Amino acid sequence: MISEPVRKRLALLHPEGSEQLARINQLALEATEPELLELCAGCIDSLLQDKSWVPPHPLTPRQQAFIAFSEQFATSVSTLPDAQVARLLEFASEDEVYGFVNALYVVDMSRRLDVVVGRILV
């Protein structure tokens with residue numbers, strides 16, 4: 001989830017932190033459905049690059065709910081409406097939503113780190 005140039009630079013400057021970042025990204029993939037997380041990560045990437053996101057295929061209602069949640073999460077997590085969480089719960093259990101949100105946090109944080117470090121240190 002971190003680009004190779006940024007990963008290498010972080011590993012050089014902060015080896016232990018870089019290892020922990022790689023580990024938490026691996027845990028994020030294990031915490032939820034990897035395909036869904038990758039789909040949402042693509043959406044987040046577009047937002048962070050100020051580009052329009054086009055899904056790679058027609059989205060199911062479930063995928064649409066998770067994408068909408070991801071867009072709001074990346075844009076303004078503090079204004080996430082309860083209705084968006086309720087929509088996720090139509091498609092997943094509370095434990096699955098909890099795992100997804102934690103994984104999404106890692107993805108969002110990692111993508112933002114990649115953008116900043118890529119501009120400053122690489």
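Quick note: residue numbers are just sequence positions, from 1. What you see is a predicted model; the values in this text were computed from it and never measured.
Using a 4.5 Å heavy-atom threshold, the side chains of Ile67 and Trp53 count as touching. Within the 4.5 Å cutoff, side-chain heavy atoms of Leu59 are placed close to those of Leu39. Between Leu104 and Phe69 the shortest side-chain heavy-atom distance falls below 4.5 Å. At least one side-chain heavy atom of Gln63 sits less than 4.5 Å from a side-chain heavy atom of Leu36. For the pair Phe100 and Cys40, the minimum side-chain heavy-atom distance is below 4.5 Å. Side-chain contact between Val115 and Arg119: present, with at least one pair of heavy atoms (C-beta onward) separated by less than 4.5 Å. A 4.5 Å side-chain heavy-atom check between Leu12 and Lys8 finds every atom pair outside the cut-off. In this structure, Leu80 and Val77 have side chains that are in contact, with non-hydrogen atoms separated by less than 4.5 Å.
Atom CG in Leu88 sits 11.0 Å away from atom CD in Glu96 (nearest 0.5 Å). A distance of 9.5 Å separates NZ of Lys51 from CG of Asp45, quoted to the nearest 0.5 Å. Here CZ of Arg111 is found 11.0 Å from SG of Cys43. Values are rounded to the nearest 0.5 Å.
Taking both residues in full, the closest heavy atoms of Ala41 and Val107 are given as CB-CG1, 3.6 Å, listed atom of the first, atom of the second, then distance. The shortest non-hydrogen separation linking Arg87 to Ala65 is CG-CB, 3.5 Å.
Note that Arg62 lies in the cation-pi zone of Phe66, set by a 6.0 Å cut-off to the ring centre and a 45° limit from the axis.
Distance alone, capped at 3.5 Å, is enough to place a donor-acceptor pair between the Asn25 side chain and the Leu21 backbone. Gln72 places a side-chain N or O within 3.5 Å of a backbone atom of Ser76 that can act as its donor or acceptor partner.
Linking ILVMFWY residues whenever their side-chain heavy atoms come closer than 4.5 Å, directly or via other members, places Val85 and Tyr105 in the same cluster. Both Leu48 and Ile2 sit in one connected hydrophobic cluster of ILVMFWY residues. Membership requires side-chain heavy atoms under 4.5 Å apart, directly or through other members. Cluster membership check: Val116 shares its hydrophobic cluster with Leu121, using side-chain heavy-atom separations under 4.5 Å among Ile, Leu, Val, Met, Phe, Trp and Tyr. Phe73 and Leu89 fall within the same hydrophobic cluster, where Ile, Leu, Val, Met, Phe, Trp and Tyr residues are linked whenever their side-chain heavy atoms come under 4.5 Å apart, directly or through other members. A continuous path of Ile, Leu, Val, Met, Phe, Trp and Tyr side chains, each step under 4.5 Å between heavy atoms, connects Phe91 with Leu37, placing both in one hydrophobic cluster.
Annotation for Glu30: atom CD counts as buried by contact number, over 12 foreign heavy atoms lying within 6.0 Å. Taking a 6.0 Å sphere around CD of Glu94, one finds it holds 12 or fewer heavy atoms contributed by other residues, nucleotides or ligands. Residue-environment remark: CD1 (Ile24) stays at or below the threshold of 12 foreign heavy atoms within 6.0 Å.
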